[in-house]
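One structure is given here, and the rest of the page talks about it.
Quick caveat, the model's predicted, so the values are computed rather than measured. Sequence lines set the chain letters: A, B, ... in the order given, protein chains first and strands last, and positions in each chain run from 1.
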2 protein chains.
Amino acid sequence: MATTQAPATRRLGRQTLAFEEPPVILAVAAVGGPMEGKGPLGSLLDEVEPDGLVGQKSWEMAEAYMLQRAVDLALTKASLQTSDIDFLVTGDLLNQLGASTFAGRMLDIPFFGIYGACSSWSEGLVLASALLDGGYAERVVVAVSSHHDAAERQFRYPTEFGVQRPPTSTWTVTGAGAAILARSGTGPRITHATAGRIVDIGEKDPMDLGSAMAPAAADTIAIHLKETGRQPGTYNAIITGDLGNVGKPILEELLVQQGYDCKQQLDDCGLHVYDQKKQDVHGGGSGCACSAVTFCGKIYPDLVQGKQGRVLLVSTGAMFSPTSYQQGESIPGIAYAVAIEGPAAMGGG
Amino acid sequence: MATTQAPATRRLGRQTLAFEEPPVILAVAAVGGPMEGKGPLGSLLDEVEPDGLVGQKSWEMAEAYMLQRAVDLALTKASLQTSDIDFLVTGDLLNQLGASTFAGRMLDIPFFGIYGACSSWSEGLVLASALLDGGYAERVVVAVSSHHDAAERQFRYPTEFGVQRPPTSTWTVTGAGAAILARSGTGPRITHATAGRIVDIGEKDPMDLGSAMAPAAADTIAIHLKETGRQPGTYNAIITGDLGNVGKPILEELLVQQGYDCKQQLDDCGLHVYDQKKQDVHGGGSGCACSAVTFCGKIYPDLVQGKQGRVLLVSTGAMFSPTSYQQGESIPGIAYAVAIEGPAAMGGG
C-alpha cells in the first residue's frame, strides 16, 4: 500500500510551478461593454456590446452571455470548436459563480469552476497550465467575466441609487476574456506560475480594494522572484490585475521593503481599461474582466508582435463578501503570478 | 515559436484523468456540528462541536473555524505541519468562498479556491491529484465545509423563520472534511478522476436539488465507465454526494437508460449522515460537507481496513444562486467522479 515516488520535479520552491513543456496560448478574445468600448482598449477588443444588458433579461445573464461570447470568439480565431476543448476553467464574481455556470451550460465543455475574486484570471491560467503540461488535456480554455452593474448591486449598492463613490474606489469592468491554451501550437508560452497565499493586513474598506490587495501582490511577486531566482529585470513588465492608482504605489513600496525595486517593470491592468482623465472611474478598473480584457486586448498582441518579450501577469483578488464585510471582517487579498514569453524572449532565461 | 508536444498521455477520453503515479491519501479528518454528532456517523467523526456557533460570532465564521479545524486535525494525524503542505485546495457554499477564505487566512498555505457547489469535495480531489501526479507539489490538502444555518439564510430562508420544508428538501450538513494527498506514502490511492459537465434539465425547485443533480451524476458516471472501459462491478460502491432519497432512484433509472445497471453499487452520502427515521431531515443530507464527512468518517476507514476495495466517489453540485433562482433560471447540476483504491483492490484493474 505504501508508495515511494520521485520528488516533484516541475516546481521551484513551494509555490512556483515550472512547466517542462510550457503550454501555448493559441488564441485569446476580449468582449467589453459600452464604457469599455469608449476607453483606450476599446479598439483592441474583439467585440464591444452596445449596451450592458446585451439583449438579456438581467445584468447577471448579460455577463454569462459575454463570457460565452468571449469563448466562442477565441475558438473562432483558433479555428476550433467547443468539442476540441477538453476543459473550461472559469470564474467570476457573482455569487455561486453565476456567470461561469450559465456560460458553461451553453458551451457544454467539461467544467472546473474556480474562485479567486479578481485574481481568477491568473488562477485559471495556473491550473489550466498544470492540466496541459501534466498531460491531462490537449486544449483548455480559461475564461472569466465581470459586470459593473451586477457587481455593484451584489457587493455594494445598486447603481440606480447613484451613491457617491470615493476616490479610492475602482470601477468593475463589464466584459469577459477567454484564452485557449494547448500542449502544441504557435503562440506565447506560459513557463512558470506562482500560486498565492491569503494575505490580510486588516484593511476593511470595500471602497478601497487596491490597498487591501497590494500586500498579497507583493507577497506573490517576491516569492516568485525568490523561487525562480529571477530579478525584476527578467521581465519587460510585471503587470498586476486591478490595484489601480491607489494600490500600485503601495505595491512598489512593499516590494522595495522586500529588496526588489520593480518600479521600472510595474504596471497595472486597472490603469489601461479606462481613460483616467476623461472617464469617471476614480482609482481605475477592477473585476475579473479587468486583467482578462487587458491581457487579451493588449498584452497578448504585444507578446505575439514582439513588443514585449517576457511578462509576469499578476491578477489580484479581494476575497471579501458583503456578509464578511457587514460582520466586521477585514478584506483578505490573494494574487497569482504567471510568467509568459513571446518570441522576443525565446531562448532567453 | 511553434511547439509540438507528444499527445497528453495521462488521460482516457476527453474527461477522465488517469494518474501515472496515483496520489496517496495520507490522512483525513471530519468535523461535525451537534446534529451530525447525533447521527449514525457521529462516533466516526474526529470532532463534534457542541453547538453550531463553535464560539464564533456568526455561523459563517463558525464554518470557517470548522474548515480550519478539519485541516489541523488531519495534519496532526499525519504528523505534519502547515509548512509541509504545498497547496490548500478548498471550497464552500458561502458567497465568495467565505469559509475557505477565512480558513485560508488562518492556515497560511498557498491557496486554490474552487467552486462546484456541493461537488467541490471531489472537484478538489481531481485538481489536487493532478497537481501531485503532474509533479507540481509533494503534498496538497483538499478541504471543504458547509453550515446548515449559514446556507439556509443565504440560499432560502433564515432558519429562525421556521419555514416548513417539503419532503424533497435536504438538510445542509454542518461540518468540514479535509484530506491530505501526497506523492508518496501509505494509504488509499486516487487512480482516475472524471471531470463533470454542466447538465441542466430545467428543474427549478430549490427545495428539490436531488432531482436537479441526478442527471449530472448520471452523465459523469456513464462517461467515467465509458472512458475507462470499466463496468459498474469494478467498484464495490459508486457513492454520490447528496442526491438523497429523491435523487438516488432517479440516478439509478437514468443510468439504466444509458446501459449501466448500477443498482447494486449505488449509494449516497446524503443517506449516511443522519438517521433518516429519527432525524427530521426529509430527503437526506447535503452540502459540501456531506460527501466530505462521509468520505473522511466512513469510506476512507473502510478502504484502509479493506472493507471496501475500490470505490467511485461522485460528489454532486447544484450550481444555482438565489439570484439565478429569483430570475427564473433553472438549476444546473455538475458532478465529479474520483476512483479510489484501498489495499483490498491493489493489483486488480
Side-chain angles (χ1 to χ4, degrees), chain A residues 1-5 7-11 14-15 17 21 24 57-58 60-61 86-87 94-98 101-102 104-105 108 110-117 123 127 130-131 133-138 183-187 195-198 200 319-321 323-324 327 329 332 334 343 346, chain B residues 1-5 7-11 14-15 17 21 24 57-58 60-61 86-87 94-98 101-102 104-105 108 110-117 123 127 130-131 133-138 183-187 195-198 200 319-321 323-324 327 329 332 334 343 346:
Chain A
M1 201 165 165
T3 61
T4 309
Q5 309 291 1
T9 53
R10 297 182 188 193
R11 64 177 200 152
R14 184 188 191 190
Q15 287 173 241
L17 291 66
E21 303 176 346
V24 174
K57 285 186 299 180
S58 67
E60 289 76 14
M61 289 308 283
D86 298 316
F87 301 116
L94 297 182
N95 295 340
Q96 287 74 53
L97 294 195
T101 295
F102 290 99
R105 185 176 73 178
D108 194 29
F111 183 94
F112 286 109
I114 58 167
Y115 186 77
E123 182 190 0
L127 290 171
L131 288 169
D133 179 51
Y136 306 106
E138 293 295 338
R183 284 176 61 81
S184 299
T186 302
R197 297 186 288 191
I198 301 277
D200 189 336
M319 300 287 282
F320 78 114
S321 77
T323 305
S324 69
Q327 291 177 348
E329 282 299 330
I334 196 162
M346 300 304 183
Chain B
M1 201 166 163
T3 60
T4 309
Q5 310 290 2
T9 53
R10 297 182 188 193
R11 63 177 200 152
R14 183 189 191 190
Q15 288 174 239
L17 291 65
E21 302 176 346
V24 175
K57 286 185 300 178
S58 67
E60 289 76 14
M61 289 308 283
D86 298 316
F87 301 116
L94 297 182
N95 295 341
Q96 287 74 54
L97 294 194
T101 295
F102 290 100
R105 184 177 72 178
D108 194 30
F111 182 94
F112 285 109
I114 58 167
Y115 186 77
E123 182 190 0
L127 290 171
L131 288 169
D133 179 50
Y136 307 106
E138 292 295 338
R183 284 176 61 80
S184 299
T186 302
R197 297 187 288 190
I198 301 276
D200 189 336
M319 300 287 281
F320 79 115
S321 77
T323 305
S324 69
Q327 290 177 348
E329 282 300 330
I334 196 161
M346 301 302 185

Please classify the contact between Pro332(A) and chain B as side chain, backbone, both or neither, with a heavy-atom cut-off of under 4.5 Å. side chain

Check whether any side-chain heavy atom of Tyr136(A) sits under 4.5 Å from a side-chain heavy atom of Thr9(B), and report yes or no. no

Nearest 0.5 Å, what's the OH-CG distance between Tyr115(B) and Leu97(A)? 7.0 Å

What residues form a side chain to side chain contact (heavy atoms under 4.5 Å, CB included) with Arg183(A), not counting sequence neighbours? Glu21(A), Leu132(A), Glu138(A), Gln5(B), Ala8(B)

Picking from Lys57(B), Glu329(B), Met61(B), which has the most non-hydrogen pairs under 4.5 angstrom with chain A? Glu329(B)

Reported CG-to-CD1 distance for the pair Asp108(A) and Ile198(B), which is rounded to 0.5 angstrom: 10.0 Å

Side chain, backbone, both or neither: which part of Pro110(B) has a heavy atom under 4.5 Å from chain A? both

Identify which part of Ala117(B) has an atom lying under 4.5 Å from any heavy atom of chain A, answering side chain, backbone, both or neither. neither

Output the distance between atom OG1 (Thr101(B)) and atom CD1 (Ile334(A)), rounded to the nearest 0.5 Å. 7.5 Å

Between Asp86(B) and Gln15(A), is any side-chain donor less than 3.5 angstrom from a side-chain acceptor? no

Return the CG to CG distance between Asn95(B) and Asn95(A), rounded to the nearest 0.5 Å. 3.5 Å

For the atom pair CG (Leu131(A)) and CG (Leu17(B)), what is the distance rounded to the nearest 0.5 Å? 6.5 Å

Report the residues that fulfil ring pair (Phe, Tyr, Trp, His ring centres under 6.0 Å) with Phe320(B), sequence neighbours left out, ordered by chain and then residue number. Phe155(B)

State, yes or no, whether a side-chain contact exists between Phe111(A) and Met319(B) at a heavy-atom distance under 4.5 Å. yes

Ranking Gly135(B), Gly134(B), Gly116(B) by heavy-atom pairs under 4.5 Å to chain A gives rank one to Gly135(B)

Indicate yes or no for a side-chain donor-acceptor contact from Glu123(B) to the backbone of Gly113(A) under 3.5 Å, with no hydrogens or angles considered. yes

With rounding to the nearest 0.5 Å, note down the distance linking CZ in Arg197(A) to CZ in Arg105(B). 15.0 Å

Begin with the C-alpha distance, continue with both residues' side-chain angles, and end with the deciding distance and a verdict on side-chain hydrogen bond (donor to acceptor under 3.5 Å, both in side chains) for Gln327(A) and Ser58(B). CA-CA 8 Å; Gln327(A) 291 177 348; Ser58(B) 67; 3.1 Å; yes

If you count heavy-atom pairs under 4.5 Å with chain A, which of Ala137(B), Ser184(B), Ser324(B) comes out on top? Ser184(B)

